[in-house]
Every structure is written in structure tokens, then in C-alpha cells.
Enquirer: 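Questions regarding the structure given below will be posed in turn.
Values below: every heavy atom of this structure, side chains too, minus hydrogens, waters and symmetry copies. What you are looking at is a predicted structure, and each value in this text was computed from that prediction instead of being measured.
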Amino acid sequence: MYFDVASTAPLHPVARQALTAALDEGWADPARLYRSGRQARMLLDAARETVAEVLGCRADEIAFTASGTQAVQLGVLGALHGNRRRGGHLVHSAVEHSSVLHTAEKHLATGGEVTAVPVDRHGRVDPAAFAAALRPDTALAVLQSANHEVGTVQPVAEVAALRGEVPLLVDAAQSAGRTDLPAGWSLLTASAHKWGGPAGVGVLAVRKGVRYLSPLPADERESGRVPGYVNVPAIVAAAASLRAVRAEAERENARLRELVERIRSRVPRLVPEVEVVGDPVRRLPHLVTFSCLYVDGEVLLGELDRAGFAVSSGSSCTSSTLTPSHVLAAMGVLTEGNVRVSLPFGTTEADVERFLAVLPEVVAGVRAPLGLDLAPPAAGEASEGPLDPLVLDALVLDALGKRCPLPVIELAKRIGEVPVGGTVAVLADDEAARLDVPAWCGMRGQEYLGEAPAAEYGGDRGSAYLVRRVS
């Protein structure tokens, strides 16, 4: 079963049909005046009209790009360039897609300023906090419509009402075609392969009156915003599938929301030591993410694949960078052992029930070699007042050089060696430990005391993460 449409959706049947037809009818250069060129231009114009209608804007505000990532990059850089007289300050949420973060890094490296607005534990920004980050020299604000890792829907309309004259770019990659788009945006980006169109088609919408200046050399195509030859057949297929998906969305969203709610409620009852993350109410209807303690995300995904389920993860162990998911880190939740399930249209109850039947066995199999007692912790009373960060009689666990869930696994195995009120110092140099040790404490009812230099506990690098046993 394919449960990863948040990464890419299977090609919609309508897209396949439209692509085949457009390959025959729309292959010519739409900028040319001969018959085949005019025919390609008519198909391109019709596709632009369709996309504009679904997104709620004018056709001449739509430009097609080579990908959703390119749409974001051109949108951010073009808006910053067009509004440079206002200043060089960029504001975005801490949980934006990496395409926003990488573009912000480029802006910062060329002398701009960047503010990342924090989110709550559900991954949602506070509209007032976002508005407070805006300054007189803010040239652009960026806020996704819904998060790509945990599904939380952002308060775009509320932020738009507070932004004043600052242009607002909304990354709608996860919601375009699936849900109603929020009001108040100045620029909007989307990606066709997220809704069942062909890969290689992105959308950049720029409202009339918004200052925008392409950061790339001039080109006469796509209103001067996107250089290069347009892929008319792929654009036609993208527009056709967007209209088809939007027509199906209301019925399918209601059904998928119930299936996702079934996963959200039953996984914590079926699998010990699991945290479901993301907003439980204000969320995408088809997506749910949960984190399993003591589990290597890459191993878990591999075992689920062997069991017949394609899912995704925000775990650092599935990233080539070996760094924790910036989304989960910003939320302050467990960053290891994550599973993101995003259901395609047509998913049945039987499909979900099969997944729920397989998941406990798979997780148990991954955890089995650890020899952990996963019974719920007994109730206990917390001792009064914080301890001094330097606890000389702490049990020291050396997890230096160990990655992913291993520092937390060592903590879980050995915290029982200290009495209630005693302290364990976990030495680790993996950045994920800074996030996962506190998250483990919250899930297991133990007290996190903070961190200290590992040298104070005999380590030659990294940090010591201090945990007091409460129960």
C-alpha cells in the first residue's frame, strides 16, 4: 500500500489522459504564430485559466515553473528583490519547507536579515507572534498553508489580516487541490506532483500590484518570471488533474479524515511508547505523523516496506544530512522513530485496518533486540525544586559517538539503576539527543534537568543531558 502522497501522489488517471492527448496536440512552441504553435498556445492558456480558477486568482497572475521548489525560490527571491526599497528583512515560520529555509540562507549570506517565528508543540504559529516579528524594513513574510511533515494547518488568514503592507507568500504545496486555500496571500506556490499531476510542473502566482522582480536574467516567457521553454503537455495534464482532484476533494476528504482519526486514536493503544504529533483538529485530512521511542526511523520504514507499506519519516536517520527534522525540532517533540502516513484518494478501511494490524508487530520486532521493559511507568511524586546542573553523584551513561535513538535507549535501560530522586547524566554528541532526551522525559514521566558540558562528567566532547528519576 502506498501511504506517502505527501511526498508525491500517483499520476491521476485524468492527468495521464490529458498528457497523452497534449503530447500529440501541444508539442509545438506556444510562442510561434503558425498553426501548431497557436494550438499549443491555446492549450497553455486554457491550462492557465483552469489553475487560476482553482487557486482563486487571475490567469495573468499564474506562471508555470519547473517544480514547486523552483516556484518557492523564485517567489521568495523575486519578492525580496522587488521590495528591496522597503528593506532586506525576511520573516518565515520555523517549520517551513526546506526550499524556504535554503532560500533564506542565501538571502542571509548576501547581506539580508532573517527571522524564524517559533511554533507551539502542535507546529502552529501564533498569529500575534508572527505579526510582532514584522518590522518596517520587512520585505516579505512566508507562511505555509499546511505543514508537510505533521499536517498542521497554519492560521494564514489571521496572519494576513495582521501583516499590514508586508507581502505574504504562501506555500500551498500540501493543500492545493485538496482543501480551500486561505485568503490574504500576495504570492502563492504549488507543485503539481503533490495533487496527482506530472512531476516537473510548479505554480507561482503573483497578485497584481505586488512588487516582484525576477532574480534571474530577463526572459520573455511566463511574464518574465520563469525563463526557458515551457512543457505544455505536462502543464495541460497538471491543470486537468488539479480540476479533477478538486472536484473529488470534498467527498474524499471527509472519508480520509475519518480514517486518519482512526490511526491517530488507535496507534497509541496498539503500540507502547508512541507520541502522535501535529494539531489534532486543525490539520490536513489525509496526513498523520507519530513517533516511536527507541526506534531507528530508517529501520522501521524498511520493515514496513517489507510488510507492504510505503510510508515516510522525518527522522534524522532517514536524512542524508544525519540531522534531526527541523520541523519536529521546532515543535519540541521526539525526532526519532517517526512515521508519516499520508493517504491517497481511494484508500479503504480495509487498507488502514491492515496497516494497524501490521504496525504493532513491526515495531515490536524492531525493539525486540533492545530488551526494554515497555510497561507504563508507575505513578510517582516529583521531588521539589530543580537541582543544580552539576550533579556529582549522577549515574553517567557514555553515549558519545552513538546516533539516532541509541542515547535514549541507554537512558531507558539504565534509569532504574538509580533510586527515585536520583539523577542520570547522558553524555552524547548527537544533536538529536538535545531534543529527544527531554521528549523522552515528557513521555515517560521523568524530570529533565537541562544540559551541562560533557567535560564536567568525564566526557571529551558533546553535552551531558541530566534526568532525574521521578517514578
Enquirer: Taking side chain to side chain contact (heavy atoms under 4.5 Å, CB included) as the definition, give me every residue that meets it alongside S186, ordered by chain and number, with sequence neighbours left out.
Expert: R163, P167, L168, V210
Enquirer: Between CG of D171 and NE2 of H148, what distance do you get to the nearest 0.5 Å?
Expert: 8.5 Å
Enquirer: Roughly how far, to the nearest 0.5 Å, is the OG1 atom of T50 from the CG atom of L242?
Expert: 8.5 Å
Enquirer: Tell me if the CZ atom of R243 is crowded by more than 12 foreign heavy atoms within 6.0 Å.
Expert: no
Enquirer: Using atom types as modelled and distance alone, determine if a side-chain donor or acceptor of Q174 lies under 3.5 Å from a backbone N or O of A6.
Expert: yes
Enquirer: Just to verify, what does N231 make a side-chain hydrogen bond (donor to acceptor under 3.5 Å, both in side chains) with, not counting sequence neighbours?
Expert: none
Enquirer: When you compare the side chain of L343 with that of V352, does any pair of heavy atoms fall below 4.5 Å?
Expert: yes
Enquirer: Got a sec, which residues hit side-chain hydrogen bond (donor to acceptor under 3.5 Å, both in side chains) with T20, two or more places apart in sequence or on another chain?
Expert: none
Enquirer: Working to the nearest 0.5 angstrom, can you tell me the gap between D120 CG and T152 OG1?
Expert: 7.5 Å
Enquirer: Kindly compute the distance separating CZ (R225) from CG (L204), expressed to the nearest 0.5 Å.
Expert: 6.5 Å
Enquirer: Do other residues, nucleotides or ligands put more than 12 heavy atoms under 6.0 Å from the CD atom of E261?
Expert: yes
Enquirer: Against the six-membered ring of W185, is R207 placed for a cation-pi contact (under 6.0 Å from the centre, within 45° of the normal)?
Expert: yes
Enquirer: Measuring from C292:SG to L359:CG, what's the distance to the nearest 0.5 Å?
Expert: 6.0 Å
Enquirer: For the atom pair CG (L134) and NE2 (H89), what is the distance rounded to the nearest 0.5 Å?
Expert: 8.0 Å
Enquirer: Please check this pair: side chain of Q70 against backbone of G202, looking for a donor-acceptor N/O pair closer than 3.5 Å.
Expert: no
Enquirer: Would you say Q154's side chain and G123's backbone share a donor-acceptor pair under 3.5 angstrom?
Expert: yes
Enquirer: Can you find a pair of side-chain heavy atoms, one from R178 and one from W195, that are under 4.5 Å apart?
Expert: no
Enquirer: Mark yes when over 12 heavy atoms from residues, nucleotides or ligands other than E258 sit less than 6.0 Å from its CD; otherwise mark no.
Expert: no
Enquirer: When you measure from the side chain of E252 to the backbone N and O of G346, does any donor-acceptor pair fall under 3.5 Å?
Expert: yes
